[in-house]
Every structure is written in C-alpha cells, then in structure tokens.
Colleague: 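Following this message is one structure expressed as structure tokens.
Proteins come first, then strands; the chains are lettered A, B, ... in the order of their sequence lines, and each starts at number 1. It should be emphasised that the depicted structure is a prediction, and the values quoted were computed from it without experimental measurement.
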2 protein chains.
Amino acid sequence: MNIGQASSASGVSAKMIRYYESIGLIRAPSRTESNYRVYGSDEVHVLRFVKRARTLGFSVEETATLLSLWQDKSRASAEVKDIATGHIAALETKINELQGMVNTLTHLAHCCGGDNRPDCPILDDLAGETISMKGH
Amino acid sequence: MNIGQASSASGVSAKMIRYYESIGLIRAPSRTESNYRVYGSDEVHVLRFVKRARTLGFSVEETATLLSLWQDKSRASAEVKDIATGHIAALETKINELQGMVNTLTHLAHCCGGDNRPDCPILDDLAGETISMKGH
DNA sequence: CTTGACCTTACCATCATTGGAAGGTTTATA
DNA sequence: TATAAACCTTCCAATGATGGTAAGGTCAAG
C-alpha cells in the first residue's frame, strides 16, 4: 500500500503521515526499490489511532504517549486516565476563556445599536471606557 | 516615554509593540537622536485598545479593522457590530468543538477504571473499537 | 512512448509570540 | 571618571500543526 492509499484508509493526509514520521511519532515504514513508502494494515491502524487522538484534541506529544501506552500491553489504565483527565481540564479551561470572551462581546453587541450612527459601545469598551452593567 | 514604559503602561510586550509596528498595525513612533522609539499617551491608548481586542480573541487583522473604525469618527456602528457578531459566532463554533471533545473524553474516562489493570476503554476507543453507550 | 497519476525531498507560509545574539545608549553607583 | 546594570536597537530563529509548491523520479494505462 502506497502513502496515498494509507492516507485514504486512515484519514491522515500524506503530508501529515510524512511529518509524523519525521518527528518520530510513527515508525518509518519499509520502502520499495524505487523508494516509495509501503504501508500495511498495522500502520494504517496506528494512523487511525493518531487521527482519532488528534480529533479529540490531544497534542501530538500526548498522542505519542498514548500511542506508546497503547502498544505497551502491560500498562496500567491509570496512566492513560491521567492524561485524559488532564486534557479534559485543559479543554475546559480553554472553553471557559472563550465563553468569557463570548459573554463580554455578547453584552457589548447587545448594547450596540448596529445602525448608521457612529456611537458604538464596542469600540468604547476597547478604548477602555467603562460600560454600565445596569440591568444585567 | 521609551518602549519599556509604553509596554508597562499598555500591557503589550516591547517585543510585540515592535512586531505590531512592523506589520503596520500601529504607526511607527518618532525616535530620539539615538534611535530609541518615543511614545506618548496617544500611542499607549492605541496599544491598550489593541491589547483589549486581542484579549477578547479578535485576530490581529480584525483588530486592525476595529482600530481603523475606532479612529474613523464617522463610521457606522453596524460595521463594528458585524465584526463582533461574526467573532462571537466563530468563538461559539470553537466552544462547541471543544465541548464535544470534553463530552467524549468524559464518557471514556468515566468508563475507565484508572487502576493498575491494562484494560483501558480510552485506548480501545482511540484504537477504533466501539464502546457501548448503554445507560447513557 | 506518451500521458497522467502517483511518489520523492526540500523548502516556504501560516499565526502570534517568545527567545536569543550582538551591539549601542543611558543611568546609577563605586 | 570608570564601570556595571538596565535599557534600547536590529536581525534571525523557533514554536505547532498543517497546507502549499516546485522540481524531479516512477508507474500504469492507453
């Protein structure tokens, strides 16, 4: 199986497969005489694992750890759970940050006429002028 | 006022002030004889505006637009509101993505013993093995 | 034997920010 | 006054994950 087929089969772009190989996340596969990478179902399985982990927001580094734990048949699930719960906490922190931005902006947009007049509470806020929170 | 003081006064690092200048987000200030940048309260005000916009998650490009609207006394607030509401929508999309990850991971972590045994539903999921959703 | 679809490596770009190196200036202190 | 510390300057590089492109080699079908 060439890289293009491995890509289709795993959902990881050929570009990224080469990149993951270059940073050592996945092992370099064997090559044909003409230097083409050759993949089998094992490699595709690994690529799918990586794809899924990345989709769930794990960093490449975390993915590397999860991958090695996956391949270590004697690992304790506690270690995996720690990574997952740490990641959940990080995601929640990020969500809270974004939600804070949304709340502030929603309030500002709500106060803003959005008409043809130049008066704009959003810009006033950005400029550092305080906005009344009365009624909120 | 030197760049260090402008940095402290605005919360934007000296490094970023120079960067913002280099990409044309802010205007190049005058210089002393010895080539030091000189800032006044107007420039600091602009830097604070930029800082606040970035804190609210606006991209540098959006910030540039907001800045020019801010400095255009005759702009219509509708234009500003459009940018803000578009940004809110983008933030909410991102939040939903992250929340989806959290939900999936929370479910997996909940199913995972987190003990010394090697059996781990989290890794099973990453490996592509389906997990029962019974009871959820 | 040509064409087109594949593969290879090697760069460059993104986005916002930080870091460092190598050198010049100003200020405070010994 | 000498010198050291704390500034400032420009330039270059790295981050993380991915996309793009260019220049070239290979393979299969027509």
Side-chain angles (χ1 to χ4, degrees), chain A residues 1-26 28-40 43-44 46-67 87 90-91 94 97-98 101, chain B residues 1-26 28-40 43-44 46-47 49-67 87 90-91 93-94 97-98 101:
Chain A
M1 199 193 297
N2 284 341
I3 200 171
Q5 285 146 340
S7 170
S8 310
S10 66
V12 182
S13 73
K15 206 81 177 163
M16 288 312 295
I17 294 176
R18 295 195 195 97
Y19 171 70
Y20 290 152
E21 181 189 322
S22 80
I23 61 171
L25 177 63
I26 60 178
S30 56
R31 304 274 187 138
T32 65
E33 280 187 359
S34 53
N35 207 30
Y36 283 20
R37 287 172 180 82
V38 180
Y39 298 90
E43 282 90 350
V44 170
V46 167
L47 286 171
R48 286 225 200 90
F49 183 102
V50 169
K51 175 73 179 177
R52 175 76 173 146
R54 299 286 303 116
T55 299
L56 288 174
F58 288 103
S59 70
V60 170
E61 199 172 358
E62 285 169 328
T63 302
T65 306
L66 291 171
L67 202 48
H87 182 48
L91 289 172
K94 188 72 188 167
E97 276 178 31
L98 297 179
M101 295 177 193
Chain B
M1 202 193 298
N2 285 340
I3 200 170
Q5 284 145 340
S7 171
S8 309
S10 65
V12 181
S13 73
K15 213 76 175 160
M16 289 311 295
I17 294 177
R18 294 193 195 98
Y19 172 69
Y20 289 150
E21 181 189 323
S22 80
I23 62 171
L25 177 63
I26 59 179
S30 55
R31 304 275 187 137
T32 65
E33 280 187 0
S34 52
N35 206 30
Y36 281 22
R37 287 171 180 81
V38 180
Y39 298 90
E43 283 90 350
V44 170
V46 168
L47 286 171
F49 183 102
V50 170
K51 176 71 179 179
R52 174 77 172 144
R54 299 285 304 116
T55 300
L56 287 174
F58 288 102
S59 70
V60 170
E61 200 173 357
E62 286 167 329
T63 302
T65 305
L66 292 171
L67 202 48
H87 182 48
L91 289 173
T93 299
K94 188 71 187 169
E97 277 177 30
L98 297 179
M101 296 177 192

Colleague: Find the distance between CG (B:Leu66) and CZ (B:Arg52) and round it off to the nearest 0.5 Å.
Modeller: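 CZ of B:Arg52 is found 12.0 Å from CG of B:Leu66.
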Colleague: Can you give the first and last nucleotides of DNA chain C, 5' to 3', that have an atom under 4.0 Å from a heavy atom of chain B?
Modeller: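 Here the contact window of chain B covers C:dA16 to C:dT26.
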Colleague: Would a 4.5 Å heavy-atom cut-off, applied to side chains only, mark B:Ser30 and B:Val38 as touching?
Modeller: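 The answer is yes, as the side chains (C-beta and beyond) meet within the 4.5 Å cut-off.
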Colleague: Rounded to whole angstroms, how far apart are OH on A:Tyr20 and P on D:dA17?
Modeller: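 Between P of D:dA17 and OH of A:Tyr20: 8 Å.
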Colleague: Can you name the side chain to side chain contact (heavy atoms under 4.5 Å, CB included) partners of A:Ser34, sequence neighbours left out?
Modeller: A:Thr32, A:Tyr36
Colleague: Measure the shortest side-chain to side-chain distance between A:Arg54 and A:Thr63 over non-hydrogen atoms and say whether it is less than 4.5 angstrom.
Modeller: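 Side chain of A:Arg54 against side chain of A:Thr63, heavy atoms only: contact under 4.5 Å found.
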Colleague: Closest approach of A:Leu98 and B:Lys94, non-hydrogen atoms and distance?
Modeller: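 Where A:Leu98 meets B:Lys94 most closely, the heavy atoms are CD1-CG, 3.7 Å.
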Colleague: I want to check one thing: is the phosphate of D:dC8, taken as OP1 and OP2, less than 4.0 Å away from some side-chain N or O of B:Arg37?
Modeller: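 The answer is no; no side-chain N or O of B:Arg37 sits under 4.0 Å from OP1 or OP2.
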Colleague: Tell me, for nucleotides 19-27 of chain D in 5' to 3' order, what letter each nucleotide earns: B for a base near a protein heavy atom under 4.0 Å, S for only sugar-phosphate near one, - for neither?
Modeller: BBB---BBS
Colleague: Let me have DNA chain D in dot-bracket notation, would you? Count Watson-Crick plus G-U wobble pairs, both distances under 3.5 Å, and use [ ] for pairs crossing earlier ones and | for inter-strand partners.
Modeller: ||||||||||||||||||||||||||||||
Colleague: For DNA chain D, which residues of residues 51-66 of chain A approach it to below 4.0 angstrom with any heavy atom?
Modeller: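 Heavy-atom cutoff 4.0 Å gives A:Arg54, A:Ser59, A:Val60.
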Colleague: What heavy-atom pair brings B:Leu67 and B:Phe49 nearest, and what distance separates the two atoms?
Modeller: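 Closest heavy-atom pair between B:Leu67 and B:Phe49: CD1-CD2, 3.4 Å.
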Colleague: Would one find a side-chain N or O of A:Tyr19 under 4.0 angstrom from OP1 or OP2 of D:dG16?
Modeller: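 Negative; the distance criterion is not met.
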Colleague: Any side-chain heavy atom of B:Arg37 within less than 4.5 Å of one from B:Glu21?
Modeller: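 Yes, their side chains come closer than 4.5 Å.
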Colleague: I'd like to know if the side chain of A:His87 reaches the main chain of A:Leu56, judged simply by a donor and an acceptor atom lying under 3.5 Å from each other, with no hydrogens or angles considered.
Modeller: yes
Colleague: Out of curiosity, B:Leu25 CG to B:Glu61 CD, how far, rounded to the nearest 0.5 Å?
Modeller: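 Atom-to-atom, B:Leu25:CG and B:Glu61:CD are 10.5 Å apart.
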Colleague: Distance check, rounded to the nearest 0.5 Å: B:Glu97 atom CD versus A:Leu91 atom CG?
Modeller: 11.0 Å
Colleague: Nearest 0.5 angstrom please: B:Ile3 CD1 to B:Glu43 CD, how far?
Modeller: 11.5 Å
Colleague: Just how far, in rounded Å, is P of D:dC8 from CE of B:Met1?
Modeller: 12 Å
Colleague: Scan residues 5-20 of chain A for pairs that pass side-chain hydrogen bond (donor to acceptor under 3.5 Å, both in side chains), counting only residues two or more places apart or in two chains.
Modeller: none
Colleague: Applying side-chain contact (heavy atoms from CB on, under 4.5 Å) to A:Thr65 and A:Phe58, what does each step give before you reach the verdict?
Modeller: CA-CA 10 Å; A:Thr65 306; A:Phe58 288 103; over 6 Å; no
